[in-house]
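FYI, the numbering just counts along the sequence from 1. Order of appearance sets the numbers: ligands from 1, and atoms from 1 within every ligand. All values derive from a computational prediction rather than experimental measurement.
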Amino acid sequence: MSLAVGVLGASGRMGRMVLEELLRPEVLDRGELRLAAAVARPGSASLGREAHALVGLSPRLPGDEVRLVAPGPGCFSGCDVVIDFSLPDALAAALPHLGKVALVSGTTGLPPETLQALDAQAQQAPVLWAANFSVGIALLVELVQQAAAAMPEADVEIVETHHRHKKDAPSGTANALADAVDAGRGGQAERSHGRVGQIGERAPGPIGMHALRGGDVVGEHTVWLLSQGERVWLGHQASSRATFAAGAVRAARWLAHRPPRRYLFREVLLP
Ligand code: NAD
């Protein structure tokens, strides 16, 4: 029996990548996954469009057609798992429509109340939220934790660059990298965002966070560890959003039908 997958944010940059990943001929040939729902913003010009057509493909059979709908009761009916790349408000509004359907979410910039709502949803269904679905970033997080522990006195600065359309700052991944520094050092360092004016000498302790925005950059992160006499920098560059889509689909296959609780992307990679 194939896994029925819904996509929330289907018309967006990431949503389309997820559709492309799900509807690849090799994936369809294996018969393990099938697109069951595609949801976009109320008022979106894509509502009513056929999901295959949205990414330049055609449904193989008339029964494979899936039209984009707005969020609402029953929008995920028939789904085993939903993959979400949308906006914080959109995710919060969609949660009540999930019921016991598994959720893989990559939406960033979530406020505390939506994180709490994910915890509540995880009482009745499996939930996996990750700031980044690339394998390379998962590895970077591990390396940063080790480096921060090995260089406890080093000043840490995190620099991230994203395309001009990105709405939140710092990126969810930059926050996850700062969390990795904290995990390596066993504490919670203050985070200072950018610098301007007569700020005086750099105090030891705070993690400096810096967000560059522009052009079409998919995502770049560098963590600097600056100490007396030497410096280390660990970085990652994503060259295609397809990386995140493949990671999210991998997570969806792994997550569906697991017991209700919150899961981490790391558990998918290192079972
Ligand atoms: P986008 O603006 O291109 O797409 C947003 C999508 O959300 C659209 O399909 C839009 O129709 C939908 N949407 C907006 N409001 C809605 C509502 N009220 N109800 C239903 N749908 C609604 O954005 P994007 O570049 O695709 O990024 C989406 C999210 O994914 C962002 O938070 C981004 O930071 C995050 N992201 C995460 C990863 C990761 O690996 N975790 C990677 C890339 C992007």
- [ ] Write out the residue and atom name of the closest protein heavy atom to atom 3 (O) of ligand 1, then the distance separating them to 0.1 Å.
- [x] Arg13 N, 2.9 Å
TODO: Please verify whether a non-hydrogen atom of Lys167 lies at under 4.0 Å from ligand 1.
DONE: yes
Task: Whether Gln146 side chain and Leu143 backbone form a donor-acceptor pair below 3.5 Å - done: no
Task: Protein contact to atom 39 (C) of ligand 1 [nearest heavy atom, distance to 0.1 Å] - done: Ala131 O, 3.4 Å
- [ ] Ignoring angles and geometry beyond distance, decide whether Leu8 reaches within less than 3.5 Å of ligand 1 through its nitrogen or oxygen atoms.
- [x] no
Open item on the list: Considering non-hydrogen atoms of the protein only, which is the closest contact for atom 44 (C) of ligand 1, and what is the distance?
Closed with: Met14 CG, 3.6 Å
Task: Protein residue, atom and distance nearest to atom 31 (C) of ligand 1, heavy-atom basis - done: Ser86 O, 3.7 Å
Open item on the list: Under 4.0 Å from a heavy atom of Gly9: which atoms of ligand 1 are those, numbered in the order shown and with their elements?
Closed with: 6 (C), 7 (O), 9 (O), 12 (C)
Task: Atoms of ligand 1, numbered as shown, that sit under 4.0 Å from any heavy atom of Phe133 - done: 39 (C), 40 (O), 41 (N)
TODO: Answer yes or no for Gly109: is there a heavy-atom contact with ligand 1 below 4.0 Å?
DONE: no
Task: Which atom of Ser105 lies closest to which atom of Leu91, heavy atoms considered - done: OG-CD2, 3.6 Å
Task: N/O donor-acceptor pair under 3.5 Å between Arg191 side chain and Pro206 backbone - done: no
Open item on the list: Just to confirm my output: which protein heavy-atom neighbour is closest to atom 21 (N) of ligand 1, and how far is it?
Closed with: Arg41 N, 3.2 Å
Task: contact_flag Ala93 ligand 1 heavy-atom lt 4.0 Å - done: no
- [ ] Decide whether an N or O pair under 3.5 Å exists between Ser11 and ligand 1.
- [x] yes
Task: Contact check, side chains of Ser11 and Arg41, non-hydrogen atoms, under 4.5 Å - done: no
- [ ] Return the residue, atom name and 0.1 Å-rounded distance of the protein heavy atom closest to atom 37 (C) of ligand 1.
- [x] Gly106 O, 2.9 Å
- [ ] Determine whether more than 12 heavy atoms belonging to other residues, nucleotides or ligands lie under 6.0 Å from atom CG of Asp29.
- [x] yes
Open item on the list: Treating Asp64 as the side-chain partner and Pro59 as the backbone partner, does any N or O pair qualify as donor plus acceptor under 3.5 Å?
Closed with: no
Task: Residue Ala90 vicinity, atoms of ligand 1 by number, heavy atom under 4.0 Å - done: 15 (N), 16 (C), 17 (C), 18 (N), 19 (N), 20 (C), 21 (N), 22 (C)
Task: Same apolar cluster: Ile137 and Met209, side chain cutoff 4.5 Å - done: yes
TODO: Name the closest protein heavy atom to atom 19 (N) of ligand 1, giving the residue it belongs to and the distance to 0.1 Å.
DONE: Pro71 CG, 3.3 Å
Task: Lys/Arg-Asp/Glu bridge criterion (N-O < 4.0 Å) met for Glu267, Arg262 - done: no
TODO: Taking only heavy atoms of Ala130 into account, list the atoms of ligand 1 that are under 4.0 Å away from them.
DONE: 41 (N)
Task: Between Glu157 and His210, a side-chain donor and acceptor under 3.5 Å - done: yes
- [ ] Determine whether Arg241 and Arg13 make a side-chain contact, defined as any pair of heavy atoms from C-beta on separated by less than 4.5 Å.
- [x] yes
Task: Those atoms of ligand 1 less than 4.0 Å from some heavy atom in Ala40 - done: 11 (O), 20 (C), 21 (N)
Task: Closest approach of any protein heavy atom to atom 30 (O) of ligand 1, naming residue and atom - done: Phe85 CD2, 3.5 Å
Open item on the list: Less than 4.0 Å is my threshold; does some heavy atom of Ser171 fall inside it relative to ligand 1?
Closed with: no
TODO: May I ask whether Lys166 has any heavy atom positioned less than 4.0 angstrom from an atom of ligand 1?
DONE: yes
Open item on the list: Whether the side chain of Asp80 engages the backbone of Leu3 through a donor-acceptor N/O pair (distance < 3.5 Å, no angle test) should be reported.
Closed with: no
Open item on the list: Please check: side-chain N/O of Glu160 versus main-chain N/O of Ser171, any donor-acceptor pairing under 3.5 Å?
Closed with: yes
Open item on the list: Show the nearest heavy-atom pair for residues Leu68 and Ala51, with the distance to one decimal.
Closed with: CD1-CA, 3.9 Å
Task: Contact check, Ser44 vs ligand 1, heavy-atom distance below 4.0 Å - done: no
- [ ] Kindly confirm or rule out a cation-pi arrangement of Arg250 over Trp254, judged by NZ or CZ under 6.0 Å from the six-membered ring centre and within 45° of its axis?
- [x] no
Open item on the list: Any nitrogen or oxygen of Leu87, side chain or backbone, less than 3.5 Å from one on ligand 1?
Closed with: no
Open item on the list: Within ligand 1, which atoms have a heavy atom of Pro42 less than 4.0 Å away?
Closed with: 17 (C), 18 (N), 19 (N)
Open item on the list: So if I count the atoms of ligand 1 from 1 in the order they appear, which ones are less than 4.0 Å from some heavy atom of Thr107?
Closed with: 32 (O)
Open item on the list: Taking 4.0 angstrom as the limit and counting only heavy atoms of Thr108, give me the atoms of ligand 1 inside it, by number and element.
Closed with: 32 (O), 33 (C), 34 (O)
- [ ] Kindly determine whether Tyr263 and Leu255 satisfy side chain to side chain contact (heavy atoms under 4.5 Å, CB included), including the steps that lead there.
- [x] CA-CA 8 Å; Tyr263 292 85; Leu255 186 73; 3.4 Å; yes
Task: Proximity winner for atom 4 (O) of ligand 1, if only heavy atoms of Ala38, Gly12, Ala176 are counted - done: Gly12
